[in-house]
Amino acid sequence: MDRYNFNLIEEKWQKSWEINHSYKTQIDKNKKKFYVLEMFPYPSGKIHMGHVRNYTIGDVLARYKLMQGFNVLHPMGWDSFGMPAENAAKQNNLDPKIWTEKNIEIMKKQLKRLGLSIDWDREISTCSPDYYKHQQKFFLELYDKGLVYRKENYVNWDPVDQTVLANEQVIDGKGWRSGALVERKKLNQWFFNISQFSDELLDGLDNLDKWPRKVKIMQQNWIGKSFGCEINFKLENCEKFKEIKIFTTRPDTLFGCSFLALSVDHPVAELFKDDPSFQKFKDNCTKTGTTEEALAQAEKLGFKTSLVAKNPFDETIKVPVFFANFVLMDYGFGAIFGSAGHDQRDLDFARKYKLDVLPVVKPFGHKGDLVIENEAYTGPGVIYNSKFLDGLKAPEESVLEAIKIIENKKLGKKKINFRLKDWGISRQRYWGCPIPIAYDDQNNIVKVPEKMLPVTLPEKINLNTKGNPLDHQKEWVEIKINEKKCKLETDTLDTFVDSSWYFLRFCSPQNKNYGYDIDDIKYWMPVDQYIGGVEHAILHLLYSRFFMQALNYKDDVFNLTEPFDGLFTQGMVCHETYKDENNNWLSPDEIFSKDGKEFFSIENNKKVQVGPSESMSKSKKNTIDPEKIINNYGADAVRLFIMSDSPPEKDVQWSTEGMEGSYKFIQKLWLLHKKFMEKIDNNEIGNFDEEITKYTNSLILKITNNLENFRYNVIIANFYEMYNFFNKKLNSPISKEILINNYYNILKLLNPFIPHFTSECFEEFSKFKKIDNSWPEVNKELLKNETVNLVIQINGKKREILSVKKDISENELLKMVNSNEKIKNFIINKKIMKKIFVPNKIINLIVK
RNA sequence: GCCCUCGUGGUGAAAUUGGUAGACACAAAGGACUUAAAAUCCUUGCCGCUUGCGGAGUGCCAGUUCGAGUCUGGCCGAGGGCACCA
């Protein structure tokens with residue numbers, strides 16, 4: 001019997017899909033749409049296993065939805081602006097454009113080799129002027145709407161990448177890409193006013209039922225809404241500043257105020273600008289947060305001023321005013337009051353500078369005074385030491401009451417603060433979308449007129465310059481706008497802008513006039529299922545949500561603010577790590593093993609240390625090249641394996657044994673296919689075996705449910721069971737009709753997972769039955785007649801399992817139980833105290 | 001420090017709403033076939049008594065329940081997110 005030749009067969013079908021544009025999609029208003037989108041890749045040069053997993057998950061869904069009769073949009077494109085191209089180009093003296101285009105060509109071939117059901121006619125690339133022209137238009141539109149602005153601000157400066165980073169792109173004080181310690185620098189920057197939509201972005205999360213809870217919580221925390229109050233403290237001894245405004249979430253602890261603390265960037269700092277000791281303190285503060293040590297220590301430091309503030313609730317109470325390193329200018333008002341008894345940080349500060357600590361909340365039922373030593377009391381309780389607030393329940397009653405009093409006395413007002421800050425989008429890099437802005441000779445902002453768009457990047461320039469290469473492009477920078485000489489902005493846009501609207505572009509990829517077409521958007525959007533890594537939980541997903549808000553702002557153009565209806569975050573692909581005796585990483589290709597336990601270096605035969613399994617990364621050399629694996633085992637086998645071992649949302653371990661297992665399984669399925677074909681061909685006369693039809697029917701139900709819930713690993717197990725079932729069954733004669741009808745459905749169930757294989761099988765099978773590409777329906781009548789295994793328990797312990805017809809009555813079952821030999825031993829001479837009967841599940845007899 | 005998630009055989013994992021724990025695979029050991037190997041197939045979680053059966057068993061300790069991997073409380077451990085956010 002012939003082996004399954006995946007090389008020939010996969011090539012054959014991929015060619016057929018390509019020539020026929022099998023997955024080309026168009027608007028069809030008679031059909032329900034389904035938009036499947038996986039996060040598009042950066043064209044780094046080669047696809048990796050993470051891509052294989054991501055795109056296979058999406059492809060299974062897309063093919064399943066297609067079979068269900070949906071009009072499926074499943075596009076692919078390239079997130080093709082960004083630093084790696086620029087760095088690679090610098091190193092090899094290339095043009096980033098050429099480098100990128102070459103990579104796209106290679107990766108496109110690799111993706112096609114996976115057999116994905118993608119509408120390649122919709123392919124887009126963000127570095128193409130056809131794409132970023134529209135982005136520039138959006139930029140100007142948002143500028144007109146007041147959602148883009150320029151200001152001088154402290155920025156996160158990445159000294160390695162020589163660029164500015166957004167807050168979201170700084171991780172543990174380091175650049176998300178370079179890993180370099182981020183510095184603080186003051187620069188003129190462009191910003192998107194994302195904080196204007198804080199409330200919308202927060203509230204919108206509530207309606208995203210098909211998003212992982214984890215991601216929603218992360219975004220909630222990032223937006224960081226806090227409810228509190230602004231309070232004005234009068235200064236006793238200052239001519240220039242009469243008041244200091246602070247923000248607090250605990251106005252109810254105001255009587256326990258020990259001090260005021262200000263950021264060193266607070267306007268009041270002006271009073272001390274000539275004081276060298278203050279300057280020294282300030283310099284110390286700016287360093288904090290930029291060195292690793294300082295981050296670890298995080299010592300609370302203060303600079304005591306001569307200023308004295310009066311407690312607004314009782315002006316006879318006076319508190320000192322400090323500058324403190326832990327108060328940030330860009331949150332609240334850059335000033336706080338210290339509630340030493342009820343905030344650990346404030347208490348530490350008060351102890352350090354020997355300030356009074358007056359507790360004003362004590363736990364319920366606590367008698368006498370609360371003694372605060374070195375731990376602040378932050379729990380709930382009763383207010384005391386607070387005159388008119390005494391006796392209130394903290395915090396739920398007391399906070400609201402305190403705010404009411406503060407507002408009545410005009411000492412301040414209710415205030416909601418957000419942690420979310422505006423999105424800095426300027427990057428001092430060449431390989432990004434040019435910002436369509438110029439400056440006249442007065443340095444006024446001049447919009448580049450629409451007819452001059454796109455502002456394209458200059459090509460074939462010298463990238464080995466200090467700082468931004470565009471700064472050195474004198475000819476490119478000089479332009480004329482309305483006969484006026486202007487200079488182009490040389491910063492380019494953060495590449496996260498590119499990916500903030502690409503899902504819209506996929507709906508109208510060829511529209512020359514605008515980024516999208518309203519009719520297309522109204523039909524295709526939102527994305528029904530978005531699939532990608534959880535590492536984008538905040539950055540990309542929040543930015544995309546903002547972009548939808550921004551495009552709809554004021555105009556409400558498509559009456560839709562959430563781009564992604566369903567979100568699925570898949571786990572990573574992991575592999576063991578290996579190190580040689582010098583602690584150098586070794587790749588799986590560089591080692592060998594005789595027994596699968598000990599590993600040796602191929603180079604020098606020396607023993608290799610086996611490390612824990614970690615997510616595949618080039619730096620640890622624990623990667624497996626998908627291309628090689630596909631060449632060895634075929635795309636279907638790889639798809640099957642990457643779906644089989646773990647739930648898609650969890651990390652999966654790459655294992656050669658597992659990969660081989662999937663390959664063998666395909667071969668076994670092929671033999672099963674041949675067996676089916678042979679039996680049908682022989683036209684044998686056999687049993688009209690109803691059990692087979694029932695089995696297939698319940699399999700359809702199981703797999704359909706599992707598909708709806710992304711339980712792909714369980715489906716693969718279902719397939720193995722199916723194989724075992726039929727492999728046995730086919731040893732006995734079965735009627736042709738049963739064989740044809742059941743095998744037809746089995747092939748359909750397999751199709752989303754191993755499409756090349758099933759296409760080939762279908763082609764052979766089509767001589768027996770006309771093929772349609774529909775998902776099999778569950779026959780509900782058949783489900784009713786099933787037999788079920790019913791568990792018999794005595795005193796809660798399983799004693800017997802009876803196979804009975806579905807929906808058996810309690811009495812009927814009891815008859816069987818009483819006559820069962822095994823059970824008799826347990827109930828003989830005993831009294832049945834209680835019977836618990838759960839239909840089709842269990843009967844539990846309590847005996848004594 | 002705060003927030004979230006997860007703890008099931010040697011391994012990856014199954015177990016719709018509380019109702020057969022370990023499906024399905026990987027690995028290892030034993031066995032069958034073979035001159036031999038590969039391939040293939042069968043058996044095997046633990047503790048007892050030979051088979052069959054009985055007992056314990058889902059990180060630990062309690063609780064609710066006829067019945068808990070699943071629910072509640074406490075503890076331990078792992079992973080992830082945020083971090084001077086007032």
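Scope of the values below: all heavy atoms of this structure, side chains included, with no hydrogens, waters or symmetry mates. Quick caveat, the model's predicted, so the values are computed rather than measured. Letters A, B, ... are given to chains in the order of the sequence lines, protein chains preceding strands, and every chain is numbered from 1.
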A.B. asks: Among C84(B), C3(B), A15(B), which is the nearest nucleotide to the side chain of Arg345(A)?
C.D. replies: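 Nearest nucleotide to the side chain: C84(B).
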A.B. asks: Given side chains that start at C-beta, do those of Cys229(A) and Phe247(A) come closer than 4.5 Å, heavy atoms only?
C.D. replies: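 No; the side chains remain at least 4.5 Å from each other.
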A.B. asks: What is the pairing partner of A28(B), taking Watson-Crick or G-U wobble pairs with both distances under 3.5 Å in any strand?
C.D. replies: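 Per the H-bond distance test, U44(B).
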A.B. asks: Students often get this wrong, so: under 4.0 angstrom with heavy atoms, is Gln653(A) touching a base, only sugar-phosphate, or nothing?
C.D. replies: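 Gln653(A): no heavy atom of the nucleic acid under 4.0 Å.
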A.B. asks: Can you tell me the base-pairing partner of C82(B)? Count Watson-Crick or G-U wobble geometry only, both distances below 3.5 Å, and say none if there is no partner.
C.D. replies: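 Pairing partner, where one exists within any strand: G1(B).
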A.B. asks: Have a look at Val534(A) and say if it touches a base, only the backbone sugar-phosphate, or nothing, with a 4.0 Å heavy-atom cut-off.
C.D. replies: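 Val534(A): no heavy atom of the nucleic acid under 4.0 Å.
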A.B. asks: Compare the minimum distances between each of A25(B), A86(B), G19(B) and the side chain of Thr249(A), then state the nucleotide with the smallest one.
C.D. replies: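 Among the listed nucleotides, the one closest to the side chain of Thr249(A) is A86(B).
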A.B. asks: Can you identify which nucleotide, out of A86(B), A13(B), C4(B), has its nearest atom closest to the Phe247(A) side chain?
C.D. replies: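 So the nucleotide nearest the side chain must be A86(B).
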A.B. asks: Using a 90° cut-off around 0 for syn, call G59(B) syn or anti.
C.D. replies: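 Anti, since the glycosidic angle lies more than 90° from 0.
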A.B. asks: Among A56(B), A13(B), G19(B), which is the nearest nucleotide to the side chain of Lys797(A)?
C.D. replies: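 For Lys797(A), the side-chain atoms sit closest to A56(B).
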A.B. asks: Would you say Lys834(A) reaches C66(B)'s phosphate, i.e. side-chain N/O to OP1/OP2 under 4.0 Å?
C.D. replies: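 Checking C66(B) against Lys834(A), a side-chain N or O does come within under 4.0 Å of OP1 or OP2.
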A.B. asks: Do the side chains of Glu810(A) and Lys835(A) get close enough for a salt bridge, i.e. N-O under 4.0 angstrom?
C.D. replies: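 So Glu810(A) does not pair with Lys835(A) through a salt bridge.
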A.B. asks: Describe the nucleic acid contact of Lys835(A) in one word from base, sugar-phosphate, nothing, applying a heavy-atom distance below 4.0 Å.
C.D. replies: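 If one applies the 4.0 Å heavy-atom cut-off, Lys835(A) turns out to touch nothing in the nucleic acid.
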A.B. asks: Round to a whole Å and report the spacing from NZ of Lys668(A) to P of A39(B).
C.D. replies: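 Taking atom P of A39(B) as the reference, NZ of Lys668(A) is at 13 Å.
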A.B. asks: Considering only side-chain heavy atoms of Lys841(A), which listed nucleotide, A86(B), C84(B), U17(B), is closest?
C.D. replies: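 Side chain of Lys841(A) sits closest to U17(B).
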A.B. asks: Determine which nucleotide pairs with A56(B), using a 3.5 Å limit on both distances of a Watson-Crick or G-U wobble pair.
C.D. replies: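 Partner of A56(B): none found under 3.5 Å.
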A.B. asks: Have a look at Leu328(A) and say if it touches a base, only the backbone sugar-phosphate, or nothing, with a 4.0 Å heavy-atom cut-off.
C.D. replies: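 Touches a base.
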A.B. asks: Does Arg419(A) count as lying over the ring of Trp222(A), i.e. NZ or CZ under 6.0 Å from the six-ring centre, within 45 degrees of the axis?
C.D. replies: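 Judged by the rule, Arg419(A) and Trp222(A) form a cation-pi pair.
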A.B. asks: What nucleic acid atoms does Asn713(A) come within less than 4.0 Å of, heavy atoms only: base, sugar-phosphate, or nothing?
C.D. replies: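 If one applies the 4.0 Å heavy-atom cut-off, Asn713(A) turns out to touch the sugar-phosphate alone, with no base involved.
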A.B. asks: With a 3.5 Å limit on both atom pairs, tell me what A13(B) is paired to, counting Watson-Crick and G-U wobble, or say none.
C.D. replies: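 The answer is none; no pair meets the criterion.
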A.B. asks: Just compare C82(B), C24(B), C84(B) and give me whichever is closest to any side-chain atom of Trp222(A).
C.D. replies: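 Nearest listed nucleotide: C82(B).
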A.B. asks: Name the closest nucleotide to the Arg419(A) side chain, picking from A83(B), C24(B), A13(B).
C.D. replies: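 Comparing A83(B), C24(B), A13(B) against the side chain of Arg419(A), the answer is A83(B).
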A.B. asks: Identify whether NZ of Lys or CZ of Arg in Lys225(A) sits under 6.0 Å from the centre of the six-membered ring of Phe418(A) and within 45° of that ring's axis.
C.D. replies: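 No - Lys225(A) does not lie over the ring of Phe418(A) by the 6.0 Å and 45° rule.
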A.B. asks: Under 6.0 Å between ring centres: does that hold for Phe259(A) and Tyr353(A)?
C.D. replies: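 Centroid separation for Phe259(A) and Tyr353(A): 6.0 Å or greater.
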A.B. asks: Is G77(B) paired to anything, Watson-Crick or G-U wobble with both distances less than 3.5 Å, and if yes, which nucleotide?
C.D. replies: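 C6(B) is the nucleotide pairing with G77(B).
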A.B. asks: Sort out the partner of A39(B) for me: Watson-Crick or G-U wobble, both distances under 3.5 Å, none otherwise.
C.D. replies: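 By the stated definition (distances under 3.5 Å), nothing pairs with A39(B).
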A.B. asks: Pick base, sugar-phosphate or nothing for Asn724(A), based on heavy-atom distances below 4.0 Å to the nucleic acid.
C.D. replies: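 Sugar-phosphate, backbone atoms only, no base.
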A.B. asks: Hey, does Gln344(A) reach any base, or is it just sugar-phosphate, or nothing, if we go heavy atoms under 4.0 Å?
C.D. replies: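 Nothing, no nucleic acid heavy atom in range.
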